[in-house]
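Below you'll find the structure, written out as structure tokens, and then a few comments.
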Amino acid sequence: MIKGIKGVKDILPEETPRWRFIEETARRWAGRYGFQEVRIPIFEVTALFARSIGASTDIVEKEMYTFPDRDGTSLTLRPEGTAGTVRAFVEHNRASDPLPQKYYYLGPMFRHERPQAGRLRQFHQFGVEFFGTEDPRADVEVISLLWGLLSDLVLPDLTLEMNSLGSSTDRAAYLPVLVSFLKGRLNRLCANCQRRIETNPLRVLDCKVPECRAATEDAPELLSHISSEARQHFQQVLDGLAALGISHRLNPRLVRGLDYYCLTAFEITSSHLGAQNAVGAGGRYDGLVEALGGPKTPAVGFAVGLERVSLMLPDRSLPPGIPPVYVAAFGPEGGPAGIRLLEELRRAGISAVTDYRSTTLKAHLRQADRAGSRYTILLGDDEARRGSVVVRNMDTKAQSDVSFADISRSLLSQISPS
RNA sequence: GUGAGUGUAGCUCAGUUGGUUAGAGCGCCGGAUUGUGGAUCCGGAGGUCGCGGGUUCGAAACCCGUCACUCACCCCA
């Protein structure tokens with residue numbers, strides 16, 4: 001038997017209503033904030049991701065699905081959506097059109113990682129990118145959209161965490177200070193963190209090992225090393241959130257994994273997710289458009305992990321589905337009449353099903369019950385001769401005769417009582 | 001890439017210190033007289049016990065290997 005690829009999941013019919021609901025809710029919220037959908041390719045030239053995400057990040061170093069095209073060009077399945085969106089923005093000269101511009105995307109992403117709860121090799125993200133303004137109110141708007149969306153879905157125990165990474169020069173100045181502090185207490189850090197001092201010192205501050213926490217208790221904070229402009233920007237973002245009644249927790253240790261972030265960094269976590277507790281995260285990336293060959297264009301955005309949303313989404317958040325009408329046609333005359341009736345109902349816009357294997361009314365009703373139908377149409381030889389059917393309400397068991405001519409109209413009024 | 005746990009029917013799982021033909025519940029199909037579902041009762045279909053090797057008179061069980069899944073580390077949404 002050929003099986004699916006590790007970490008790549010089928011979403012079966014039982015699950016698709018839940019996914020559609022999440023996607024529709026995301027689109028609705030994006031629309032409310034004036035974001036428009038962009039559909040970018042699922043694969044791109046590898047260099048795009050190396051340049052934008054950062055050549056020394058884990059994603060680029062070991063998690064990308066990369067393969068040669070027939071002419072040898074290195075291609076990569078997209079590991080995230082920002083790079084492609086920015087590439088499209090630059091390639092189509094969108095910066096020459098009136099700014100700001102607001103895009104959203106929705107779709108699969110690919111990273112070669114060991115699968116785990118809330119983490120797959122093919123996963124899905126919804127993300128937005130707000131181009132063309134460095135105004136902190138844009139940051140607030142994007143966070144407000146993310147918060148509103150997740151709250152609307154009634155996800156449990158959400159926490160918004162905020163930090164500022166400062167400008168890139170702020171970070172460059174801060175890193176040596178941090179590294180020398182960490183080297184001063186090297187022996188108190190876990191093996192992982194000792195390695196991380198070289199690879200990603202900011203991460204040491206985010207380590208979960210208690211000893212590391214204690215050792216870095218009084219570490220110099222990035223937040224107190226950022227420029228006054230950056231500090232002011234951050235304060236305005238926080239004030240803006242407060243004005244909208246969105247509460248947050250300051251997390252000076254919050255670090256974004258991708259190189260392109262600067263200034264505002266945020267993350268929404270939930271305690272209901274296991275180890276991978278971030279549902280959505282984002283920040284500002286003022287230098288990325290320029291880095292990819294476009295004009296200097298500030299931008300803010302976020303991405304949401306849809307699998308993680310799905311894991312947390314309570315069933316009660318889902319709208320009930322519309323059950324189909326079941327046509328129970330049997331007998332030499334009823335059977336053919338049923339086929340014609342099915343066709344008529346479907347053309348009238350009614351979801352109608354039957355089971356061709358069932359030859360008795362009993363078998364049909366069992367199928368109708370299983371299909372979850374609220375109305376079943378009984379159509380045997382008697383009805384076929386009479387020119388009418390019996391409409392059975394499956395909940396109340398009430399039955400009534402309806403003539404062939406009136407069936408569609410009658411059902412439509414009962415199915416959608418509004 | 002590293003570590004731990006788990007692999008028996010479509011699903012959830014039993015299966016004694018190794019012993020005859022591998023079980024249950026749910027689900028599925030059919031029946032309980034002539035045209036009425038869910039409940040109950042009865043019957044039926046469905047399994048190379050993940051795969052390969054080894055030990056043994058005998059392996060679902062013990063040993064070795066391998067693969068898959070799950071969770072966690074790393075990292076991230």
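Naming: A, B, ... by sequence-line order, numbering from 1 per chain.
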- Query: Can you give one letter per nucleotide of nucleotides 27-35 of chain B, going 5' to 3': B for a protein heavy atom under 4.0 Å from the base, S for sugar-phosphate only, - for none?
  - Reply: -SSS----B
- Task: Answer with base, sugar-phosphate or nothing: what part of the nucleic acid does G331(A) contact at a heavy-atom distance below 4.0 Å?
- Result: nothing
- Pick the P atom in A14(B) and in U8(B), then give their distance to the nearest Å. 10 Å
- Message: So for atom CD, which belongs to E344(A), do other residues, nucleotides or ligands contribute more than 12 heavy atoms lying within a distance under 6.0 Å?
- Response: yes
- Sticking with atom P, work out how far U16(B) lies from G53(B), rounded to a whole angstrom. 25 Å
- Query: So what does E80(A) hit on the nucleic acid, given a heavy-atom distance under 4.0 Å: a base, only sugar-phosphate, or nothing?
  - Reply: nothing
- Task: Using the P atom as the reference point in each nucleotide, state the distance between U6(B) and C64(B) in Å, no decimals.
- Result: 14 Å
- Query: Can you tell me how far P of A77(B) sits from CE of M312(A), to the nearest Å?
  - Reply: 15 Å
- Whole-Å distance separating the CG atom of D395(A) from the P atom of U36(B): 20 Å
- Item | Ion pair D406(A)/R409(A), N-O distance below 4.0 Å | yes
- Message: Between H364(A) and S358(A) (side chain of the first, backbone of the second, donor and acceptor by atom type, cut-off under 3.5 Å), is there such a pair?
- Response: yes
- P-based separation of U33(B) from U17(B) [nearest Å]: 48 Å
- Where RNA chain B forms runs of at least three Watson-Crick or G-U pairs (i with j, i+1 with j-1, under 3.5 Å), the stems are B:1-7 with B:67-73, B:10-13 with B:23-26, B:28-32 with B:40-44, B:50-54 with B:62-66
- Query: Reckon A117(A) touches a base, only the sugar-phosphate, or nothing at all at heavy-atom distances under 4.0 Å?
  - Reply: sugar-phosphate
- Task: Check whether any side-chain nitrogen or oxygen of K397(A) sits under 4.0 Å from OP1 or OP2 of U36(B), and answer yes or no.
- Result: no
- Task: Report the distance from atom CG of L149(A) to atom C1' of A77(B), rounded to the nearest whole Å.
- Result: 13 Å
- Message: Heavy atoms from C-beta onward define the side chain here; which of C69(B), C74(B), C75(B) lies closest to that of Q116(A)?
- Response: C74(B)
- Note on the structure: Here the distance between atom C1' of C71(B) and atom NZ of K6(A), to the nearest Å, is 13 Å
- Message: Testing the 3.5 Å rule here: is there a donor-acceptor pair between the side chains of Y105(A) and R78(A)?
- Response: no
- Message: What I want to find out is whether K102(A) reaches E141(A) closely enough, with some N-O distance under 4.0 Å, to be called a salt bridge.
- Response: yes
- Answer with yes or no whether the side chains of T264(A) and D139(A) bring together a donor and an acceptor at under 3.5 Å. yes
- Keeping the roles fixed (side chain from R121(A), backbone from E113(A)), state whether a donor-acceptor pair exists under 3.5 Å. yes
- Task: Quote, to the nearest angstrom, the C1' distance that separates G10(B) from G47(B).
- Result: 11 Å
- Task: Quickly work out the D58(A) CG to C73(B) P distance and round it to whole Å.
- Result: 14 Å
- Note on the structure: Taking every heavy atom of T66(A) against every heavy atom of S74(A), the minimum-distance pair comes out as CG2-OG, 3.2 Å
- Sugar-phosphate only, base, or nothing, as touched by M394(A) at under 4.0 Å among non-hydrogen atoms: base
- Task: Please evaluate the base of G1(B) for a donor-acceptor partner in the side chain of R114(A) within a cut-off of under 3.5 Å?
- Result: no
- Item | Any N/O donor-acceptor pair, Q276(A) side-chain to C75(B) base, under 3.5 Å | yes
- Query: Any side-chain donor paired with an acceptor under 3.5 Å for S388(A) and S403(A)?
  - Reply: no
- Query: At under 4.0 Å, does any side-chain N or O of K9(A) touch on OP1 or OP2 of U70(B)?
  - Reply: yes
- Task: For A60(B) and A9(B), measure between their C1' atoms and round to the nearest Å.
- Result: 14 Å
- Message: Measure CG/L365(A) against P/U36(B) and give the value in whole Å, please.
- Response: 9 Å
- Item | Whole-Å gap separating C1' (C75(B)) and CD1 (I53(A)) | 13 Å
- If you measure from the P atom in U36(B) to the same atom in A24(B), how many Å do you get, rounded? 32 Å
- Message: Check this for me: does the side-chain of R119(A) come within 3.5 Å of the base of C75(B) through a donor and an acceptor?
- Response: yes
- Message: When the P atoms of G58(B) and U48(B) are compared, how many Å lie between them, rounded to an integer?
- Response: 23 Å
- What's the verdict on side chain to side chain contact (heavy atoms under 4.5 Å, CB included) for K397(A) and R392(A), showing C-alpha distance, side-chain angles and the deciding distance? CA-CA 6 Å; K397(A) 298 185 179 184; R392(A) 177 179 176 86; 3.6 Å; yes
- Which heavy-atom pair separates A230(A) from D170(A) by the least distance, and what is that distance? CB-OD2, 3.7 Å
- How do H112(A) and R392(A) order along RNA chain B: which one's closest nucleotide is nearer the 5' end? H112(A)
- Query: What's the CH2-C1' distance between W19(A) and A77(B), to the nearest Å?
  - Reply: 11 Å
